[in-house]
There are 2 protein chains.
Amino acid sequence: MRTRPRELTVAAQDYLKAIHALEDEGVRVTTSALAERMSVSAPSATAMAKRLAGLGLVERTPYRGVALTETGRACALEVIRHHRLLERYLADRLGLTLDEVHAEAELLEHALSEELEARIDAELGYPTHDPHGDPIPDAELKLDAERGRTLSDLDEGERAAVSRVPDGDPGLLRYLAELGLVPEAEVEVLRRAPYGGPVTVRTVVGEHAISRELAGRIAVA
Amino acid sequence: MRTRPRELTVAAQDYLKAIHALEDEGVRVTTSALAERMSVSAPSATAMAKRLAGLGLVERTPYRGVALTETGRACALEVIRHHRLLERYLADRLGLTLDEVHAEAELLEHALSEELEARIDAELGYPTHDPHGDPIPDAELKLDAERGRTLSDLDEGERAAVSRVPDGDPGLLRYLAELGLVPEAEVEVLRRAPYGGPVTVRTVVGEHAISRELAGRIAVA
DNA sequence: AGCGCAGTTTAGTCATAGCTAATTCCGATC
DNA sequence: GATCGGAATTAGCTATGACTAAACTGCGCT
């Protein structure tokens, strides 16, 4: 039996998604973290946290923050499934580029019926990853964690394939695409400057130095 | 330069669509007609009518009703364009049936960006009609009126092709499909009972009597 | 242990969009 | 031309979700 974020407001779904993302990043979901992520004032975040707690979707400890309940997590995953399936669809079937799909999926995700979700899923052959390399929760909302290594974990001389890139920032995605850093692409780490300095990589496009911080956000396999 | 219903609330867009539909049907757009169409109380309709008038989207005469302004009509057509393009897409590319597309398009129409609209339009080869046979406003929002004849206008013995069926009621659409009354299908009128009685038609599926009222809602060419 | 500040929450508003109950208007009838 | 009834509007509430300003907590630091 499937939980139904469908009966939630769009705003509530967006908050759940944000809370899930923060938990996933290992960040404590405080009011300010949530407010920041949602581009909203702290009181607004507090208010929504209370509402979600009232719906049994999060556990809330005043002054401490919130944590998703099982139900809350299911709702978040449902929305994420919609988002990532749509990204996959938009990229594969309508030719949207990596930097375009996120925003479009963001718009459409709340308007996708279960029917259509299933139809799209089948049409695409039950894909497991979105175009950025993020895993798509399956129809039972199972999500494989796959917290693998990143570009910044590789030793000099190591080669790997990019498995995941950050998904939200179109400018960043265009930049990475220019450097040849897209999912599936081959990379070799040439140098890792000490003290958290830049990482120099070779891709099909050539050699490029990128910040350690950015390298840490690019997963490899 | 394109008007931007995008900046309107979803509710406002839905009201504009309803007002457009009523005008199209030749109905005076009174508060009660609008309230009825929107499944909303009369005071709610009054309130929205005022809001739309304030935005310059309708001309409102208290106690008289509303009429779309040019801007209002453009916004309504923009929404209708989204709706019908999506219907066409869902039918052609995802295999949804005639009775399913309306509800899905209803959900998605407000979440469709101009970008994606253009992409879908191109993908489909700039279609002119949705799967029910309703005309799709073009990118400049021109809509061909084509107020043609209906099944109930045909004389006994006349043959024609169904050009348009009502789009909102899934049950009705399934019924019509069973009778072979779908867009493009060949029909021949066998009998027209007097005094507004039923019309008997032959389709590929056989002979069927349908009410005059229903026949009047099926356009032919 | 106490003080202070950063972070949280409360208090009080606003806008949208819905509702019911009460009132007002318009036109049709007498 | 007054009246009556139905349609339309006003008045007053509710919920969501945002905001600012003010008050409160708790933790770290002395």
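To find a chain, count down the sequence lines: A is the first, B the second, and so on, and within it residues start at 1.
Classification of A:Arg84 and A:Asp167 as a salt-bridged pair fails, no side-chain N sitting under 4.0 Å from a carboxylate O. Using a 4.0 Å cut-off between charged side-chain N and carboxylate O, A:Arg81 and A:Glu114 make no salt bridge. In summary, B:Asp99 and B:Arg174 engage in a salt bridge, as defined by a charged side-chain N under 4.0 Å from a carboxylate O. A salt bridge links B:Arg93 with B:Glu123: the closest approach of a Lys/Arg side-chain nitrogen to an acidic carboxylate oxygen falls below 4.0 angstrom.
Which of D:dT16, D:dA18, C:dT9 sits closest to the side chain of A:Val40 comes down to D:dA18. Closest to the side chain of A:Thr46, from the set D:dT10, D:dC19, C:dT10, is C:dT10. Picking from C:dC25, C:dT16, C:dT10 the nucleotide with the shortest atom distance to the side chain of B:Arg51 gives C:dT16.
A:Glu36 has its CD atom 12 Å from the P atom of C:dT8, to the nearest Å. Atom P of nucleotide D:dT16 and atom CD of A:Glu7 are separated by 15 Å, given to the nearest angstrom. B:Tyr63 has its OH atom 5 Å from the C1' atom of C:dC25, to the nearest Å. Atom NZ in B:Lys50 sits about 15 Å away from atom P in C:dA15, given to the nearest Å. The separation between A:Asp14 atom CG and D:dG17 atom P is 10 Å, rounded to whole Å. For the pair B:Arg60 CZ and D:dA7 C1', the computed distance is 13 Å after rounding to whole Å. Taking atom CG of B:Leu55 as the reference point, atom C1' of C:dA15 lies 12 Å away to the nearest angstrom.
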Test log, rule side chain to side chain donor-acceptor pair (under 3.5 Å), inputs A:His83 and A:His102: CA-CA 8 Å; A:His83 182 89; A:His102 180 79; 3.1 Å; yes

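Taking 4.0 angstrom as the limit, B:Tyr15 places a side-chain polar atom (N or O) nearer than this to OP1 or OP2 of C:dG18. Considering only side-chain N and O atoms, A:Ser41 lies nowhere under 4.0 angstrom from the phosphate OP1 or OP2 of D:dA18. OP1 or OP2 of D:dC19 lies within a sub-4.0 Å distance of a side-chain N or O belonging to A:Ser44.
Exactly one residue among B:Thr30, B:Val58, B:Leu52 makes a side chain to side chain contact (heavy atoms under 4.5 Å, CB included) with B:Val66. That residue is B:Val58.
Within the 4.0 angstrom heavy-atom criterion, no nucleotide atom of any strand lies near A:Ala47. When heavy atoms are screened at a 4.0 angstrom cut-off, A:Ala11 is found touching the sugar-phosphate backbone but no base atom.
In this structure, the side chains of A:Thr69 and A:Arg73 stay at 4.5 Å or more apart for every pair of heavy atoms.
Nearest-nucleotide positions on DNA chain D place B:Pro43 closer to the 5' end than the other of B:Pro43 and A:Ala12.
Scanning residues 25-35 of chain A for heavy-atom distances under 4.0 Å to DNA chain D yields an empty list.
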